[in-house]
Amino acid sequence: MKHLINSSIYDPPTETNFPEQVEGIELLTGYNPIPESFFRSRVVSVHLPYAIDWYAAWSGNKKIPKEIPDDSVKHIFYGRDKGDIIDNLHSAIKLASTLDPKYGILHAGNVSISEVLKLTYSDSDNKILSAFTELVNSVIALFPNTEPPFRILFENQWWPGLRMLDSTDYKILCNKIEFENWGLCFDTGHLLVATKGAQTEDQAIDILENVVDKFSDDMLESIMTIHLHTNTCYNYLKNYKPPHIELTSITKLIELAYSHVCNMDQHEPFTTKRVAGLVQRLNPDYITHEMGAPRYEKKINDCLSQISILSKSDGIKEQVTFRT
């Protein structure tokens, strides 16, 4: 398996002089051409842009306010209506294809803007996944032979949609996705939020192992990559009380939501040796060590720390400290 680190076209340009344990980048892309500064030779995979409440625009249940700029609309809703959404996501995939990635990741979930600061949600997984597959099928149908230019991997979240708490959501995808070149990305941190969090890393591994026990063999084989990171957000979730605010500014609400999400989805490195057993069991082709540290040096060292835990079982060299 290959070890990748997450990066983004929205980050300040940084040197990609990675240590040898880091074999490439998973690059978050957007709706503009990929800057040359990200050294195309190091990009192995892409993370396609995500919209928080695409279902609002896709279903037509909510009218997107005209005062929201088009760029913000893309990032919050994917577009103003179905046609706009299809065009924007199709364009994002075409732009990402210029990197010739091994695969691209797409979040398969949705949260209503009115519920983004809550911990319970009114939409069902079935409802969101049914709409999501309709959306994705419509986009991919525009490509030659109705297949994407690279494999699309659907990533789990804690919001309604693909949560990966068992094989139920995966079966919906199998029944409704109309193209062949797709698979799964298993995000360990998202799963921990979906299961209401852990207090310790050992509890986190217990939770992850118990959930993986429920995966069917074909679902396990569909997991091509893991976003490997942990959080111990149990106490935050237990004590959290949604703020009482009026929905007067969507952009302000998104700002508040970002802080809330970061408190839940902490993107810390695993330090327990037990994580190696979990990774061996899932046996992905790729692992993205999706670290949340804001400083580049800390992010690299967190990645190396996590790789070193796995090295004892797959022969990777021991951790070295990286300095910029």
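- Aromatic ring orientation, H190 versus H267: perpendicular (interplanar angle above 60°, classes split at 30° and 60°).
- Using a 4.5 Å heavy-atom threshold, the side chains of V212 and F186 count as touching.
- No side-chain heavy atom of C185 sits under 4.5 Å from any side-chain heavy atom of I226.
- Classified by interplanar angle (parallel below 30°, tilted 30° to 60°, perpendicular above 60°), the ring pair H107/H47 is perpendicular.
- Here the rule is side-chain hydrogen bond (donor to acceptor under 3.5 Å, both in side chains) with Q306, and of H289, H3, H229 only H289 fits it.
- Both I86 and L129 belong to a single network of hydrophobic side chains, linked directly or stepwise wherever heavy atoms of I, L, V, M, F, W or Y lie under 4.5 Å apart.
- N110 contributes a side-chain N or O that, together with a main-chain N or O of Y55, makes up a donor-acceptor pair within less than 3.5 Å.
- Scanning both residues, L165 and K214, for their nearest heavy atoms gives O-CD, 3.6 Å.
- Hydrophobic clustering keeps V44 apart from V279 (ILVMFWY residues linked when any side-chain heavy atoms are closer than 4.5 Å, directly or through intermediates).
- Contact check for T29 versus L95: no side-chain heavy atoms found under the 4.5 Å cut-off.
- Looking at I177 and I140, their side chains never come closer than 4.5 Å, going by heavy atoms from C-beta outward.
- Classification of the W182-Y170 ring pair by plane angle, with boundaries at 30° and 60°, yields tilted.
- Looking at heavy atoms from C-beta onward, V275 lies in side-chain contact with I205 at the 4.5 angstrom threshold.
- For the atom pair R274 CZ and D202 CG, the distance stands at 5.0 Å (nearest 0.5 Å).
- Taking each heavy atom of G189 and D265 in turn, the nearest pair found is C-OD1, 3.9 Å.
- Residues I105 and T225 are in side-chain contact: their nearest non-hydrogen atoms beyond the backbone lie under 4.5 Å apart.
- Checking side-chain atoms of S124 against main-chain N and O of K127 turns up a donor-acceptor pair under 3.5 Å.
- A distance-only check finds a donor-acceptor pair linking the side chain of R80 to the backbone of P65 [under 3.5 Å].
- Atoms CE and CG, on M1 and L310 in that order, are 7.5 Å from each other to the nearest 0.5 Å.
- Under a 3.5 Å cut-off, the side chain of N88 and the backbone N or O of K74 do not form any donor-acceptor pair.
- In this structure, CG in N231 is found 9.0 Å from CD in E268, a value given to the nearest 0.5 Å.
- Note: L48 CG to L27 CG = 10.5 Å, rounded to the nearest 0.5 Å.
- A distance-only check finds a donor-acceptor pair linking the side chain of W54 to the backbone of G109 [under 3.5 Å].
- When side chains are defined from C-beta on, I34 counts as touching L99, because their heavy atoms get closer than 4.5 Å.
- Neither V46 nor L4 shares a network with the other; the hydrophobic side chains, linked directly or stepwise wherever heavy atoms of I, L, V, M, F, W or Y lie under 4.5 Å apart, form separate groups for each.
- Residue L191 comes nearest to N156 through the heavy atom pair N-ND2, 3.7 Å, listed as atom of the first residue, atom of the second, then distance.
- Listed for the N137 side chain is a donor-acceptor partner under 3.5 Å among the backbone atoms of T133.
- Side chain of Q266 to backbone of N263: a donor-acceptor contact under 3.5 angstrom is found.
- Under a hydrophobic clustering in which Ile, Leu, Val, Met, Phe, Trp and Tyr are joined whenever their side-chain heavy atoms come within less than 4.5 Å, directly or via other members, M291 and V43 fall into different clusters.
- Counting heavy-atom neighbours within 6.0 Å of N145 CG, excluding the residue itself, gives a total of 12 or less.
- Aromatic pair F143/F179: ring centres not closer than 6.0 Å.
- Between S130 and N126, the side chains place a donor N or O and an acceptor N or O closer than 3.5 Å (distance only, hydrogens not considered).
- Nearest heavy atom pair, residue D302 against residue A293, reads OD2-CB, 3.9 Å.
- Note: H75 and Y10 have perpendicular aromatic rings, judged against thresholds of 30 and 60 degrees for the angle between ring planes.
- Shown here for G79 and I85, the closest heavy-atom pair between the two residues is N-CG1, 3.7 Å.
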Does the pair D123 and V111 meet the rule for a side chain to side chain contact (heavy atoms under 4.5 Å, CB included), with working shown? CA-CA 8 Å; D123 290 326; V111 63; over 6 Å; no
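- Taking every heavy atom of both residues into account, P101 and A96 meet most closely at CD-O, 3.5 Å.
- With values rounded to the nearest 0.5 angstrom, S97 atom OG is found 6.5 Å from F150 atom CZ.
- No donor-acceptor pair closer than 3.5 Å links the side chain of D11 to the backbone N or O of S7.
- Screening T271, T232, T272 for a side-chain hydrogen bond (donor to acceptor under 3.5 Å, both in side chains) involving E201 leaves a single residue, T271.
- For K62, the NZ atom is densely surrounded, since the number of other residues' heavy atoms within 6.0 Å is greater than 12.
- For E134 and K82, the salt-bridge test passes: some basic side-chain N is under 4.0 Å from an acidic carboxylate O.
- When T168, D169, D125, T195 are each tested for a side-chain hydrogen bond (donor to acceptor under 3.5 Å, both in side chains) with R163, only one passes: D125.
- Between Y50 and E155, the closest side-chain pair of non-hydrogen atoms is not below 4.5 Å.
- L153 and I287 are members of different hydrophobic clusters when ILVMFWY side chains are connected at heavy-atom separations under 4.5 Å.
- Judged by distance alone, the side chain of D53 and the main-chain N or O of I113 form a donor-acceptor pair under 3.5 Å.
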Go through the steps to decide whether E147 and E180 satisfy the test side chain to side chain contact (heavy atoms under 4.5 Å, CB included), and finish with yes or no. CA-CA 7 Å; E147 286 291 329; E180 297 295 327; 3.6 Å; yes
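- A distance-only check finds no donor-acceptor pair linking the side chain of Y240 to the backbone of H260 [under 3.5 Å].
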Begin with the C-alpha distance, continue with both residues' side-chain angles, and end with the deciding distance and a verdict on side chain to side chain contact (heavy atoms under 4.5 Å, CB included) for L89 and Y78. CA-CA 7 Å; L89 192 52; Y78 272 148; 4.1 Å; yes
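- For the pair K2 and Y286, the cation does not sit on the ring face, since its NZ or CZ is not both under 6.0 Å from the ring centre and inside 45° of the axis.
- For the atom pair I300 CD1 and S305 OG, the distance stands at 12.5 Å (nearest 0.5 Å).
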Please test I5 against E290 for side chain to side chain contact (heavy atoms under 4.5 Å, CB included), starting from the C-alpha separation and ending with a verdict. CA-CA 6 Å; I5 192 168; E290 199 174 52; over 6 Å; no
